[in-house]
Number of protein chains: 2
Amino acid sequence: MNSCGKYVKEMRKQYSLTQEQLAAKAGVGLRFLRELEADKPTLRMDKVNMVLEMFGTKLGVVSKEKQIEL
Amino acid sequence: MNSCGKYVKEMRKQYSLTQEQLAAKAGVGLRFLRELEADKPTLRMDKVNMVLEMFGTKLGVVSKEKQIEL
DNA sequence: GGGATTTATACCCGATAGGGTATAATCATC
DNA sequence: GATGATTATACCCTATCGGGTATAAATCCC
């Protein structure tokens with residue numbers, strides 16, 4: 001798990017949710033969630049945070065080597 | 001320093017750069033850098049990363065309480 | 001393998017992010 | 001206090017993000 005998208009995908013599966021369910025719960029569009037899991041780089045931070053909050057996380061500053069830091 | 005914007009602002013001052021200089025070095029617009037330092041929530045991740053990379057950092061997943069994690 | 005579910009890809013379209021710029025406000029130095 | 005530099009705020013305009021949706025591909029379960 002070395003990217004934001006992979007993180008979301010793995011957490012989603014841990015919670016046994018479909019993309020559709022997670023998107024609905026997080027309040028974002030299905031298409032956006034898919035782009036997030038595919039690590040599209042141009043996503044808006046607020047939308048990404050709406051998803052990450054479902055897992056008690058959010059976007060923050062990390063060192064360049066690291067990707068996930070909890 | 002408990003936000004991405006504050007982090008950028010502080011790092012920029014540590015490097016003794018003006019907003020204009022950092023924006024130019026990072027390859028983003030001056031207006032964007034100002035919105036970043038003001039913690040506008042709807043910023044695009046790729047643009048934010050262009051600035052953070054100047055300081056050896058980037059956006060990543062952090063726990064909800066934390067904001068900066070190096 | 002077949003049918004159902006889930007995910008990936010592609011399109012349209014409205015809303016807005018971000019570049020540029022101009023002006024006002026703030027700050028520094030004298 | 002005045003001058004110059006830096007930062008904050010406000011506007012215009014284009015590019016594109018994100019919602020919605022439709023279809024194809026992949027995955028699952030029997």
Side-chain angles (χ1 to χ4, degrees):
Chain A
M1 178 168 45
N2 49 358
S3 78
C4 191
K6 293 241 174 77
Y7 171 79
V8 170
K9 190 166 197 166
E10 265 196 36
M11 291 304 289
R12 175 173 64 79
K13 297 201 167 171
Q14 278 190 27
Y15 283 73
S16 300
L17 298 171
T18 66
Q19 290 176 339
E20 205 164 12
Q21 289 169 331
L22 178 55
K25 278 183 187 296
V28 302
L30 175 57
R31 226 217 31 213
F32 173 84
L33 185 69
R34 287 177 178 154
E35 290 174 339
L36 171 54
E37 291 194 354
D39 284 310
K40 180 177 177 181
T42 60
L43 302 174
R44 264 173 47 181
M45 288 182 63
D46 62 331
K47 295 285 175 182
V48 176
N49 279 324
M50 288 172 73
V51 176
L52 292 181
E53 276 176 23
M54 306 297 297
F55 308 122
T57 53
K58 62 181 173 185
L59 287 175
V61 180
V62 304
S63 75
K64 219 172 166 186
E65 308 88 47
K66 302 182 185 181
Q67 296 249 14
I68 313 285
E69 187 70 45
L70 302 177
Chain B
M1 177 168 46
N2 50 358
S3 78
C4 189
K6 293 240 174 77
Y7 171 78
V8 169
K9 190 166 197 166
E10 266 196 35
M11 292 303 290
R12 175 173 65 80
K13 297 202 168 170
Q14 278 190 27
Y15 283 73
S16 299
L17 298 171
T18 66
Q19 291 177 338
E20 206 165 11
Q21 290 169 330
L22 177 57
K25 279 185 187 295
V28 302
L30 175 56
R31 225 219 28 213
F32 172 84
L33 185 70
R34 284 174 181 157
E35 289 175 339
L36 170 55
E37 291 195 355
D39 284 310
K40 180 177 175 181
T42 61
L43 302 174
R44 266 173 46 181
M45 288 183 64
D46 61 331
K47 295 286 174 183
V48 176
N49 279 324
M50 289 172 71
V51 176
L52 292 182
E53 276 176 23
M54 306 297 297
F55 307 124
T57 54
K58 62 181 173 185
L59 287 175
V61 180
V62 304
S63 75
K64 218 170 165 186
E65 308 87 47
K66 303 183 184 181
Q67 296 249 14
I68 314 285
E69 186 69 45
L70 302 178

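Per chain, numbering begins at 1; letters A, B, ... match sequence-line order. Any value given below was found using the heavy atoms of this structure, including those in side chains, with hydrogens, waters and symmetry copies removed.
The distance between atom CD of B:Gln21 and atom P of D:dT6, rounded to the nearest whole Å, is 7 Å. One atom, CZ of A:Phe32, and another, C1' of C:dA17, lie 14 Å apart when rounded to the nearest Å. Spacing between atom CG of A:Leu33 and atom P of D:dT21 amounts to 17 Å, rounded to whole angstrom units. The interatomic distance linking B:Met45 (CE) with D:dC17 (P) rounds to 13 Å, in whole Å. Atoms CG (B:Leu43) and C1' (C:dT16) sit 12 Å apart, rounded to a whole Å.
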Give me the distances for all protein-to-nucleotides 24-30 of chain C N/O pairs that come in under 3.5 Å?
none

Can you tabulate the close N/O pairs, meaning under 3.5 Å, that link protein atoms to atoms of nucleotides 7-13 of chain D?
from	atom 1	to	atom 2	distance (Å)
D:dT7	OP1	B:Arg12	NH1	2.5
D:dT7	OP1	B:Arg12	NH2	3.3
D:dT7	OP2	B:Gln19	N	2.9
D:dA8	OP1	B:Lys9	NZ	3.3
D:dA8	OP2	B:Gln19	NE2	2.6
D:dA8	N7	B:Arg34	NH1	3.3
D:dA8	N6	B:Arg34	NH1	3.3

Distances under 3.5 Å only, N/O to N/O: pair up the protein atoms with those of nucleotides 26-30 of chain D.
none

Go through B:Tyr7 and B:Thr57 one step at a time and tell me if the side-chain contact (heavy atoms from CB on, under 4.5 Å) criterion holds. CA-CA 10 Å; B:Tyr7 171 78; B:Thr57 54; 3.1 Å; yes
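Between B:Asp46 and B:Asn49, every side-chain heavy-atom pair lies at or beyond the 4.5 Å cut-off. Side-chain contact check for A:Leu59 versus B:Val48: every heavy-atom pair is 4.5 Å or farther apart. Looking at B:Leu36 and B:Val28, their side chains never come closer than 4.5 Å, going by heavy atoms from C-beta outward.
The minimum heavy-atom distance linking B:Phe55 with B:Arg12 is given by the pair CZ-N, 3.9 Å. For the residue pair A:Gln19 and A:Leu33, the shortest heavy atom distance occurs at O-CD2, 3.1 Å. Closest approach of B:Phe32 and B:Leu43 over heavy atoms only: CE1-CD2, 3.7 Å.
Of the possible donor and acceptor atoms, none in the side chain of B:Lys58 sits under 3.5 Å from a partner among the backbone N and O of B:Glu53.
From A:Leu52, atom CG reaches atom SG of A:Cys4 across 5.0 Å, with rounding to the nearest 0.5 Å. In this structure, B:Lys9 NZ and B:Lys13 NZ are separated by 5.0 Å, a value rounded to the nearest 0.5 Å. Atom NZ of B:Lys40 is separated from atom CZ of A:Arg44 by 8.5 Å, given to the nearest 0.5 angstrom.
Taking side-chain N and O atoms only, B:Lys40 has a distance below 4.0 Å to OP1 or OP2 of C:dA17.
Listed by chain and number, the residues in a side chain to side chain contact (heavy atoms under 4.5 Å, CB included) with A:Gln21 are A:Leu17, A:Thr18 (sequence neighbours excluded).
Counting side-chain heavy-atom gaps under 4.5 Å among Ile, Leu, Val, Met, Phe, Trp and Tyr, A:Leu30 is found in no cluster with other residues.
In the helix from C:dG1-D:dC30 to C:dC30-D:dG1, the terminal helix axes, each the rotation mapping four pairs' C1' atoms onto the next four within five end pairs, subtend 70°, rounded to 10°.
Comparing C:dG19, D:dC17, D:dG18 by their nearest atom to the side chain of B:Arg44 picks out D:dC17. Side-chain proximity of B:Val28 to C:dG19, D:dG18, D:dC17: nearest is C:dG19.
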